[in-house]
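Working notes, beginning with the structure itself.
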Amino acid sequence: MNGPFGTLAIVLSLVLAAWSGVAALRNRPPDRTHLVGLAVVEAAVLALTVTTLVAIGGGSSPAEAGTFWGYLVTLLCLPPLAAVLARMEPTRWGSVIVLVICLVVPVLVVRLQQTWSVGSV
Amino acid sequence: MSEPATTASGATNRGPGRVLIAVYLLFAIAATSRAGFQLVTKYDEAPLAYLLSALAAVIYIVATVGLARAGRAGRRLALACCAIELVGVLAVGTASLLVPSAFPDDTVWSRFGAGYGYVPLVLPVLGLVWLRRTAR
């Protein structure tokens, strides 16, 4: 859980947030680059999930299990949700939606890491 | 903020409204899962806080639906939810500071939503502004 993928997901998501902010400021709808960006963020989150499942298979377990799984499932749903909403709103506000969701992803990753290891926070 | 022409009058579910719906949706998910989990696993620890979380969750869900429906009924629904929400976050926020002992665990609205970056405080205001802006 504290491997490279959490950090990777946070960084990628923040980069995409900034890129969406640029589109919103230029009064542009989200384009293909944003959708690809969301796919990349989702891939990082999936990688994080897989490494977590491997760790759990190896005997570790989240400190606050219920909360942890809730955050994980929500996190996995966010990039697809952003993509759907962005396509529904092909205006600058679609870019704002991608921006907002890309700011929520890092928060969730951090919360996920906190619920994984309560003792070491 | 200078493009009233691009937002169809009366429609709450277009343009900026869709951003608002997205954020409401996130809070509906966050508050529902949090409240559900707390009520199921540790209701006895802080019943008041958890019931308030559940109330907040319901309001976020109904507000999301109201904004997304966009009709007159949806608008009225959203208006009621945003008003209740604003009163709720102010009341619970104040109470949690004055009588912290009544809130052994946090709710979404504790300390004016500080645990959620004060978004719970800003959201109903934005909702009311948006409803007013799209009203004719």
Side-chain angles (χ1 to χ4, degrees), chain A residues 13 16-17 20-21 23-30 34 38 62-112 114-115 118 121, chain B residues 1-8 11-43 45 50 53 57 60-61 64 67-70 105-106 108 113-120 122-123 126-127 130 133-134:
Chain A
S13 191
L16 183 55
S20 309
L25 285 177
R26 292 175 65 210
N27 205 358
R28 297 284 170 82
H34 297 97
L38 284 171
E64 292 177 37
T67 320
F68 178 84
W69 293 113
Y71 278 121
L72 189 58
V73 171
T74 311
L75 181 61
L76 283 168
C77 293
L78 283 188
L81 175 71
V84 169
L85 290 175
R87 298 200 64 147
M88 283 169 73
E89 182 65 36
T91 67
R92 75 184 313 180
W93 300 105
S95 302
V96 176
I97 291 175
V98 178
L99 166 68
V100 168
I101 292 189
C102 283
L103 288 180
V104 174
V105 167
V107 175
L108 281 187
V109 172
V110 170
R111 287 293 297 140
L112 202 59
Q114 287 173 347
T115 50
V118 166
V121 169
Chain B
M1 286 299 147
S2 61
E3 64 270 67
T6 59
T7 53
T12 54
N13 61 351
R14 305 245 173 79
R18 214 162 245 154
V19 180
L20 206 55
I21 292 170
V23 180
Y24 263 103
L25 187 62
L26 288 177
F27 267 84
I29 297 170
T32 307
S33 41
R34 176 177 185 156
F37 175 69
Q38 289 174 330
L39 285 174
V40 169
T41 57
K42 42 185 185 178
Y43 174 74
E45 284 177 29
Y50 298 155
S53 285
Y60 285 123
I61 293 172
T64 308
L67 286 169
R69 287 280 305 279
D105 201 349
D106 268 357
V108 182
Y116 292 81
Y118 294 102
V119 176
V122 178
L123 207 49
L126 288 180
W130 175 241
R133 188 173 267 259
T134 53

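Letters go in sequence order (proteins before strands), and every chain restarts at 1. Bear in mind the structure is a predicted one, so any value in this text is a computation, not a measurement.
Along residues 74-83 of chain A, the residues that come nearer than 4.5 angstrom to chain B, judged on non-hydrogen atoms, are A:T74, A:L78, A:L81 in order of number.
Neither the backbone nor the side chain of B:V40 has a heavy atom closer than 4.5 Å to any heavy atom of chain A. Neither the backbone nor the side chain of B:I21 comes within less than 4.5 Å of any heavy atom of chain A. For A:V104, the part lying near chain B is the side chain, with the backbone staying farther off; criterion is any non-hydrogen pair under 4.5 Å.
Of all the heavy atoms in B:P120 and B:V108, the pair that sits closest is CG-O, 3.8 Å.
Shown here are the side chain to side chain contact (heavy atoms under 4.5 Å, CB included) partners of A:A23, two or more places apart in sequence or in another chain: A:R28, A:H34, A:S95. Taking B:R18 as the reference, A:E89 meet the salt bridge (charged side-chain N to carboxylate O under 4.0 Å, His left out) condition, with sequence neighbours excluded.
Within the 3.5 Å criterion, the main-chain N or O of B:L67 finds a donor-acceptor partner in the side chain of B:T12.
A distance of 9.0 Å separates OG1 in B:T64 from CG in B:L20, rounded to the nearest 0.5 Å.
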Let me have the donor-acceptor pairs involving side chains of residues 31-39 of chain B, under 3.5 Å, with sequence neighbours excluded, atom names and distances please.
| residue | atom | partner | partner atom | Å |
| --- | --- | --- | --- | --- |
| B:T32 | OG1 | B:A28 | O | 2.5 |
| B:S33 | OG | B:I29 | O | 2.6 |
| B:S33 | OG | B:A30 | O | 3.2 |
| B:R34 | NH1 | B:Y116 | OH | 2.6 |
| B:R34 | NH2 | B:D106 | O | 3.2 |

Inset, instruction - Output, in order, the C-alpha distance, side-chain angles, deciding distance and verdict of side-chain contact (heavy atoms from CB on, under 4.5 Å) for A:L38 and A:C102. - result: CA-CA 9 Å; A:L38 284 171; A:C102 283; 4.2 Å; yes
